[in-house]
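Have a look at the structure below before the remarks.
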Amino acid sequence: MLCRVAQIRRCAASLSQAVQQAHRQKHTLPDLTYDYGALEPHINAEIMQLHHSKHHATYVNNLNVTEEKYQEALAKGDVTVQVALQPALKFNGGGHINHTIFWTNLSPNAGGEPQGELMEAIKRDFGSFQSMKERMSAAAVTVQGSGWSWLGYDKQGGRLCIAACANQDPLQGTTGLIPLLGIDVWEHAYYLQYKNVRPDYVKAIWNVINWENVSERLQTAKK
């Protein structure tokens with residue numbers, strides 16, 4: 001009788017895992033709310049098309065494949081494979097998370113300065129908008145190799161912070177800060193237009209920052 005109960009439990013567990021796998025929704029490439037050429041002249045259409053439809057799409061596809069392998073390893077109880085898949089999950093998952101934020105941080109006919117509560121928080125934590133802009137730009141320019149510069153929210157401390165992350169490391173998973181605004185400084189984000197002059201790209205991108213989106217992110221982060 002005990003053997004029969006154990007067998008039923010094993011079958012139920014296997015069925016539960018199978019159902020979870022069947023119902024796990026795959027990640028998809030998010031649509032942009034603007035055309036590829038809408039951010040010109042600051043970011044040209046060729047860069048946007050390659051960046052979104054090729055690079056981001058690759059992160060999404062690889063993330064789905066890695067998650068499937070991870071689920072299989074979980075079902076088998078194969079801890080070795082689970083550990084081996086962690087770097088791929090971090091890299092492709094971070095790439096998907098980061099870019100999904102990045103596209104919404106940008107907008108045609110944007111730029112300028114933030115308003116309201118966001119501006120007050122910037123002044124409180126950095127002294128001025130210009131100071132924040134300079135510090136975040138410096139963090140972006142000085143990233144070694146590829147990575148990101150971020151304006152994040154420290155929920156515990158109730159303040160804004162600037163941080164740089166290497167590669168596709170996600171801000172929140174790496175530092176605990178909630179991401180509000182990110183600047184992608186991988187070469188594919190600017191090289192076709194700005195060649196190897198990263199500072200020119202960083203200077204230009206402030207002209208298309210969607211401060212309404214950043215403000216909305218701050219409001220959500222504070223809840």
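Remember, predicted model here, so these are calculated numbers, not experimental data.
When the side-chain hydrogen bond (donor to acceptor under 3.5 Å, both in side chains) test is applied to Y190, the partners found at least two apart in sequence or on another chain are R198. Residues passing the ring-ring contact (aromatic ring centres under 6.0 Å, His included) test with Y194: none are found, sequence neighbours excluded. The side-chain contact (heavy atoms from CB on, under 4.5 Å) search around E212 returns N210, not counting sequence neighbours. Shown here are the salt bridge (charged side-chain N to carboxylate O under 4.0 Å, His left out) partners of D169, two or more places apart in sequence or in another chain: K90. Shown here are the ring-ring contact (aromatic ring centres under 6.0 Å, His included) partners of H188, two or more places apart in sequence or in another chain: H51, H55, W186. Y36 is linked by a side-chain hydrogen bond (donor to acceptor under 3.5 Å, both in side chains) to H52, counting only residues two or more places apart in sequence or in another chain.
Remark: E187 CD to S146 OG distance equals 6.0 Å, nearest 0.5 Å. For the atom pair CZ (R217) and CD1 (I101), the distance works out to 5.0 Å, reported to the nearest 0.5 Å. Within the model, atoms CD1 of I122 and CE of M136 stand 10.0 Å from one another, a figure rounded to the nearest 0.5 Å. Taken to the nearest 0.5 Å, the CG atom of L118 stands 9.0 Å off from the CG atom of L181. Note that CG of L218 and CG of L180 are 5.5 Å apart. Values are rounded to the nearest 0.5 Å. Going from atom CE of M119 over to atom CE of M132 covers 8.0 Å, rounded to the nearest 0.5 Å.
Of all the heavy atoms in I47 and A189, the pair that sits closest is CG2-O, 3.4 Å. For the residue pair V83 and P87, the shortest heavy atom distance occurs at O-CD, 3.7 Å. Among all heavy-atom pairs drawn from N62 and T66, the shortest one is O-OG1, 2.7 Å. A pairwise comparison of heavy atoms in L171 and A163 identifies CD1-CB, 4.0 Å as the closest pair. When all heavy atoms of L29 and S53 are compared, the closest pair comes out as CD2-CA, 4.4 Å.
Listed by first and then second residue, the ring-ring contact (aromatic ring centres under 6.0 Å, His included) pairs that reach into residues 104-126 come to none, sequence neighbours excluded. Evaluation of the ring-ring contact (aromatic ring centres under 6.0 Å, His included) test over residues 203-223, restricted to residues two or more places apart or in two chains, returns F129-W211. Within the structure, side chain to side chain donor-acceptor pair (under 3.5 Å) pairs that include any residue of residues 111-130 comprise E117-Q219, E117-K222, Q130-E134 (at least two apart or interchain). The salt bridge (Lys or Arg N to Asp or Glu O under 4.0 Å) analysis of residues 42-54, with sequence neighbours excluded, yields no pairs. Within the structure, every pair that satisfies the side chain to side chain donor-acceptor pair (under 3.5 Å) test and touches residues 147-163, not counting sequence neighbours, is listed here: W148-Q168.
In this structure, the side chain of T100 engages the main chain of H96 through a donor-acceptor pair within 3.5 Å. Checking side-chain atoms of D35 against main-chain N and O of A38 turns up no donor-acceptor pair under 3.5 Å. With N64 contributing its side chain and H27 its backbone, the two residues share a donor-acceptor pair below 3.5 Å. Between the side chain of N92 and the backbone N or O of A88, at least one donor-acceptor pair lies under 3.5 Å.
Of the residues listed (H56, Q49, M48), the one engaging L32 in a side chain to side chain contact (heavy atoms under 4.5 Å, CB included) is M48, and it is the only one. Screening I209, I183, L160 for a side chain to side chain contact (heavy atoms under 4.5 Å, CB included) involving L151 leaves a single residue, L160.
Side-chain contact, H42 with Q193: no donor N or O sits under 3.5 Å from an acceptor N or O.
Linking Ile, Leu, Val, Met, Phe, Trp and Tyr whenever their side-chain heavy atoms come within less than 4.5 Å leaves V60 and L85 in two separate clusters. Residues I97 and F91 share a hydrophobic cluster, clusters being chains of Ile/Leu/Val/Met/Phe/Trp/Tyr side chains in contact below 4.5 Å.
Residues V214 and P114 have side chains not in contact (no heavy-atom distance under 4.5 Å, counting atoms from C-beta outward). Here the side chains of N61 and V65 are not in contact, with every heavy-atom distance at 4.5 Å or above. A heavy-atom distance below 4.5 Å is not found between the side chains of N98 and D184. Between L106 and I43 there is a side-chain heavy-atom pair separated by less than 4.5 Å. Counting heavy atoms from C-beta outward, N213 and S107 have side chains that stay 4.5 Å or more apart. By the 4.5 Å heavy-atom criterion applied to side chains, E72 and D78 are not counted as neighbours. Side-chain contact between V185 and Y201 is present, with heavy atoms from C-beta onward closer than 4.5 Å. A heavy-atom distance below 4.5 Å is not found between the side chains of V81 and K69.
Through side-chain heavy atoms spaced under 4.5 Å, either directly or across other Ile, Leu, Val, Met, Phe, Trp or Tyr residues, V197 is tied to no other residue.
Around atom CG of N109, no more than 12 heavy atoms belonging to other residues, nucleotides or ligands sit under 6.0 Å away.
Between E68 and K26 there is a salt bridge, since a side-chain N of the basic residue sits under 4.0 Å from a carboxylate O of the acidic one.
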